[in-house]
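Encoded as structure tokens, the structure appears first; notes follow it.
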Amino acid sequence: MMKTRKGYPVYPLTVAQKFHFFYQNFCPKKEVLNIGTSLTIGAELDWDVLKKSINKACERCESMRLRFAADKEGNWYQYVVNHEDRDIEFVDFSSGTMQEAEQTMRRWTRVPFQRADSLMNRIVMIKTPDGYNGIYLLVDHMTMDAQSLICFLKDVIEIYCSTMYEGVAYPKEMASYIEQLQKDLAYEAGCRAKEKDEEFFRKIIETSEPIYNAIEGSARLEAERKRCNDPELRAAVNVSDCVDAALDTFHLEAEPTKRLMDFCEKYHVSLACLLIMGLRTYFQKMNGNDDVSINTAIARRATLKEKKSGGTRIHSFPFRTIISEDKTFLEGIYAIRDLQNEYFRHANYDPVAYFAHRAKTYPVGQGQTYEPMSLTYQPLTLRDKELDKLGDIRYKTKWYENGATTQAMYLTVMHRPEDNGLDFNFEHQIKAVSREKLECLYYYLCRIMFKGAENPSLPIGDIIKLV
């Protein structure tokens with residue numbers, strides 16, 4: 001094993017990184033791990049101060065200085081290099097249209113990084129045609145997830161604002177990526193907690209076999225049963241033979257969003273619980289099964305150090321609920337909350353080991369799965385106590401698709417910085433799921449969530465009939 005690389009200590013990849021690495025290896029488009037985003041502000045910026053703030057934020061964030069290298073056997077390792085100020089690109093889009101600017105940034109998002117020993121992010125200062133100014137940021141998913149990306153952008157803004165405006169405090173230190181990495185690696189090497197986590201998930205897997213529910217109803221599973229000549233089959237192929245992807249976004253206005261948030265506050269549940277309840281009820285309606293599984297992402301950032309350490313910490317597990325139609329909407333939500341809390345407690349477990357154990361327990365055919373989609377809810381927003389001191393500065397954030405996905409459908413729900421309304425971002429394989437099907441799903445998902453929030457004591461079966 002390599003002990004150091006270019007004088008820096010090296011570390012193995014974590015489980016979360018291996019998960020990304022694993023599906024990138026199978027994907028013909030290596031840009032599948034790219035995450036591109038822009039953050040712009042409705043104010044004039046001092047570009048020199050912004051450049052210094054970006055460099056300072058890179059110095060404070062170890063995972064922005066992460067590098068990868070492989071040994072002779074082809075095993076990949078990671079190391080963090082010392083900070084060196086870099087010259088930040090500047091692109092002025094203001095003479096063109098917004099459409100052209102976004103097209104260019106989309107193009108940037110589709111350029112994969114060279115993995116060995118190279119910089120794994122790109123930062124461009126941008127001036128956009130709508131009079132906003134800010135940053136385009138491209139990172140590799142092996143080094144950052146959405147939470148650490150937002151954390152980094154926030155750090156840049158706060159450093160900038162503390163330089164430019166009186167009375168804005170300099171942001172508190174970031175946490176060490178390497179320190180968290182060492183904790184993760186110690187867990188993976190084996191401990192009592194790991195054994196308990198494994199026990200928890202094995203029990204869940206071995207209880208009984210899940211069943212596949214499709215976005216358009218039960219026809220897909222029936223066709224798969226015919227194809228495999230197995231009337232009892234419970235899994236189906238979900239993805240297409242093509243990884244080309246699109247990103248379709250649906251916007252929920254601020255006022256209805258607030259109604260959903262108020263419901264969550266009143267009943268002490270997270271919006272993630274309400275979203276899962278809405279989605280599983282949609283699949284229950286379309287497929288006629290009380291038994292529904294979808295993949296859910298867990299951020300694994302419970303402590304302040306985890307929140308501020310950068311890197312990628314997401315573990316994704318199938319989340320299966322069996323809730324009969326005579327249960328009330330609220331009973332369903334509470335069942336989801338309780339199960340979610342258990343998942344959070346055991347979320348350090350390796351998702352790849354989870355899927356391997358499930359495949360041993362229920363050997364299904366090549367490419368068959370029980371989950372029609374994945375869900376991530378991103379509660380973090382750029383709205384912050386410090387930034388509110390700046391009065392009513394308007395922000396815009398935008399995510400750019402990289403054009404490839406190995407999953408049929410991935411829904412990320414986030415808050416818009418302008419008005420705190422919700423954006424439903426569906427990344428999907430173009431050949432696997434059409435925009436029309438997504439529109440139908442989004443329409444029913446909203447109807448179910450609002451109907452349930454307004455009548456929490458209504459049985460699920462009634463809600464299904466009413467929507």
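Quick caveat, the model's predicted, so the values are computed rather than measured. Just so you know, these numbers use all the heavy atoms, side chains as well, and skip hydrogens, waters and symmetry mates.
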*Taking salt bridge (Lys or Arg N to Asp or Glu O under 4.0 Å) as the test, write out the residues that go with Glu342, two or more places apart.*
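Partners of Glu342 under the salt bridge (Lys or Arg N to Asp or Glu O under 4.0 Å) test: none.
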Quick one: do [X] and [Y] make a salt bridge, cutoff under 4.0 Å?
| X | Y | answer |
| --- | --- | --- |
| Asp145 | Arg300 | no |
| Arg65 | Glu62 | no |
| Asp155 | Lys56 | no |

_Contacts of type ring-ring contact (aromatic ring centres under 6.0 Å, His included), residue Phe201, not counting sequence neighbours_ =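 So Phe201 forms a ring-ring contact (aromatic ring centres under 6.0 Å, His included) with Phe317, Tyr343, Tyr349, Tyr354.
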Within-4.5 Å side-chain heavy-atom neighbours: [X] and [Y]:
| X | Y | result |
| --- | --- | --- |
| Leu260 | Leu274 | yes |
| Leu233 | Gln368 | yes |
| His357 | Glu198 | no |

*Ignoring hydrogens and geometry, is there a side-chain-to-backbone donor-acceptor pair from Asn289 to Asp291 under 3.5 Å?*
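No: the side chain of Asn289 does not pair with the backbone of Asp291.
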_Aromatic ring proximity Tyr442/Phe424, centre distance under 6.0 Å_ =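 That pair passes the under 6.0 Å test.
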*asked:* Tell me if the aromatic rings of Phe68 and Tyr79 count as close, with their centers under 6.0 Å from one another.
replied: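 That pair fails the under 6.0 Å test.
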*Sequence neighbours left out, what passes side chain to side chain donor-acceptor pair (under 3.5 Å) with Gln429? Give chain and number order.*
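Applying side chain to side chain donor-acceptor pair (under 3.5 Å) to Gln429 gives Ser240.
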*Can you tell which of Lys29, Lys431, Arg110 makes a salt bridge (charged side-chain N to carboxylate O under 4.0 Å, His left out) with Asp244?*
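Looking at Lys29, Lys431, Arg110, the match for Asp244 under the salt bridge (charged side-chain N to carboxylate O under 4.0 Å, His left out) is Lys29.
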